[in-house]
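Working notes, structure below.
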Protein chains: 2
Amino acid sequence: MKIGELAKRTGCRVVTVRYYEKEGLLAKPERTEGNYRLYGQDDLERLEFIMHCREHGMKPAEIRELLLFRDNPRRDCTWVSDLISAHIADVDERIASLKHLREHLEQLRGRCGGEQSGEVCGIIRSLDDRTCCASCGRHEISQQL
Amino acid sequence: MKIGELAKRTGCRVVTVRYYEKEGLLAKPERTEGNYRLYGQDDLERLEFIMHCREHGMKPAEIRELLLFRDNPRRDCTWVSDLISAHIADVDERIASLKHLREHLEQLRGRCGGEQSGEVCGIIRSLDDRTCCASCGRHEISQQL
DNA sequence: GGTAATGTCTATAGTTACTATAGGGTCAAG
DNA sequence: CTTGACCCTATAGTAACTATAGACATTACC
């Protein structure tokens, strides 16, 4: 099949397929006379695997490791299970962090005095003061909370 | 104070301060004879505000809006409260999505047959098959789950 | 006063995991 | 034989910074 069909069948975008090839997650496929990529069942399955990993929130580095194992399965797969566990721990941490953040936001929202208060909105005033965050050890500042 | 002290006192990196200036979140400060940036109390407070917003997981676009309000407070601050509410809803969604993901990962981990099974690790086999994700409407695939 | 360390300056490129664009070639249908 | 859908490569753009290179300013120490 050509790249378009592969993309449609996996839910991956065409450009992303090519990107994965460049990154080495997918092998360089055969080409037609007209230089079109030609994929087979194996490629389809490999990409399905990759997409499934992505659906589980894994990063390309993790996916790459899992693919290595898939290409060359060894008896001892303890580390596969460990990798998943580490990933779960990571997810747990993000959940905890978001829950904490949520509480803070809730508090913050409660500070708004409403229109009638005459003063500057309490939310804005609260944002001037960081002691609330300092007191709880300060939130992790990350670009992808 | 010079940029280094401002950075230290706010917990923001020096480069990030300059970045915020370029992005218009911070005003262009005075300069010394030697062309060093010079900041005052106002700048410090403004950056504290920004950092506090960041600690609350807000994106620069949201921060920019809040700064506009802070610069020019109006009587009606309903939308400030609305902005926070929208942000909370966003956080809630991310929490829900992560919890769902977590369950899937837990299931996945349970598929490992252990070393003695002789077969290819059940986790790897499970990742070949995406029906589990298809059945739950499929996880959102995003780069920043 | 000399010099070494530190702090600051600008401009540009790199990061992740893609996505978008430009400019062109290939193929099947009407 | 041309229209449109698909495909190709290469390059640049995205967010929100971070890192690097190469140069000037200031401070500390002897």
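Everything numeric here is computed off the predicted structure, so don't read it as measured data. Labels below follow one simple rule: chain letters A, B, ... track the order of the sequence lines, proteins then strands, and each chain is numbered from 1.
When only modelled atom types and interatomic distance are considered, A:Glu103 and A:Gln107 share no side-chain donor-acceptor pair under 3.5 Å.
Distance alone, capped at 3.5 Å, places no donor-acceptor pair between the A:His56 side chain and the A:His87 backbone.
D:dA16 atom C1' lies 17 Å from atom CE of B:Met58, rounded to whole Å. Taking atom CD on B:Glu21 and atom P on D:dA16, their separation rounds to 19 Å, with Å as the unit. Rounded to an integer number of Å, the gap from B:Ile63 CD1 to D:dC17 P is 7 Å. Atom-to-atom, NZ of B:Lys28 to C1' of C:dT10 comes out at 12 Å; the value is rounded to the nearest Å. Computed from coordinates, the A:Leu38 CG to D:dC8 C1' distance equals 14 Å when rounded to whole Å. As a whole-Å value, the separation of A:Arg54 CZ from C:dA17 P is 11 Å. Distance A:Tyr20 OH to C:dT16 P: 14 Å, rounded to the nearest Å. The CD-C1' distance, from A:Glu33 to C:dT26, rounds to 12 Å in whole Å.
When each of A:Thr32 and A:Val15 is assigned the nucleotide of DNA chain C bearing its nearest heavy atom, the one mapping closer to the 5' terminus is A:Val15. Closest-nucleotide positions on DNA chain D for B:Tyr19 and B:Arg13 were compared, and the one nearer the 5' end corresponds to B:Tyr19.
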| request: Could you check B:Arg109 against B:Glu106 for salt bridge (Lys or Arg N to Asp or Glu O under 4.0 Å), going step by step and ending with a plain yes or no? | output: CA-CA 5 Å; B:Arg109 185 170 52 181; B:Glu106 198 82 69; 2.3 Å; yes
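Between B:Ile50 atom CD1 and B:Leu67 atom CG the span is 5.0 Å, to the nearest 0.5 Å.
Scanning both residues, B:Leu98 and A:Val91, for their nearest heavy atoms gives O-CG1, 3.6 Å.
With A:Arg18 as the fixed residue, the side chain to side chain contact (heavy atoms under 4.5 Å, CB included) test singles out one of A:Arg13, A:Arg37, A:Glu23: A:Arg37.
Between B:Phe69 and B:Trp79, the ring-plane angle classifies as perpendicular under the 30° and 60° cut-offs.
A close approach under 4.0 Å does not occur between any side-chain nitrogen or oxygen of B:Arg64 and OP1 or OP2 of D:dA16.
If you check C:dT19, D:dA16, C:dC9 against the side chain of A:Thr16, the one that comes closest is C:dT19.
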Might you list the N or O atoms of the protein lying below 3.5 Å from N or O atoms in nucleotides 3-7 of chain D, with each pair's distance?
| from | atom 1 | to | atom 2 | distance (Å) |
| --- | --- | --- | --- | --- |
| D:dC6 | O2 | A:Tyr36 | OH | 3.3 |
| D:dC7 | OP1 | A:Gly4 | N | 2.7 |

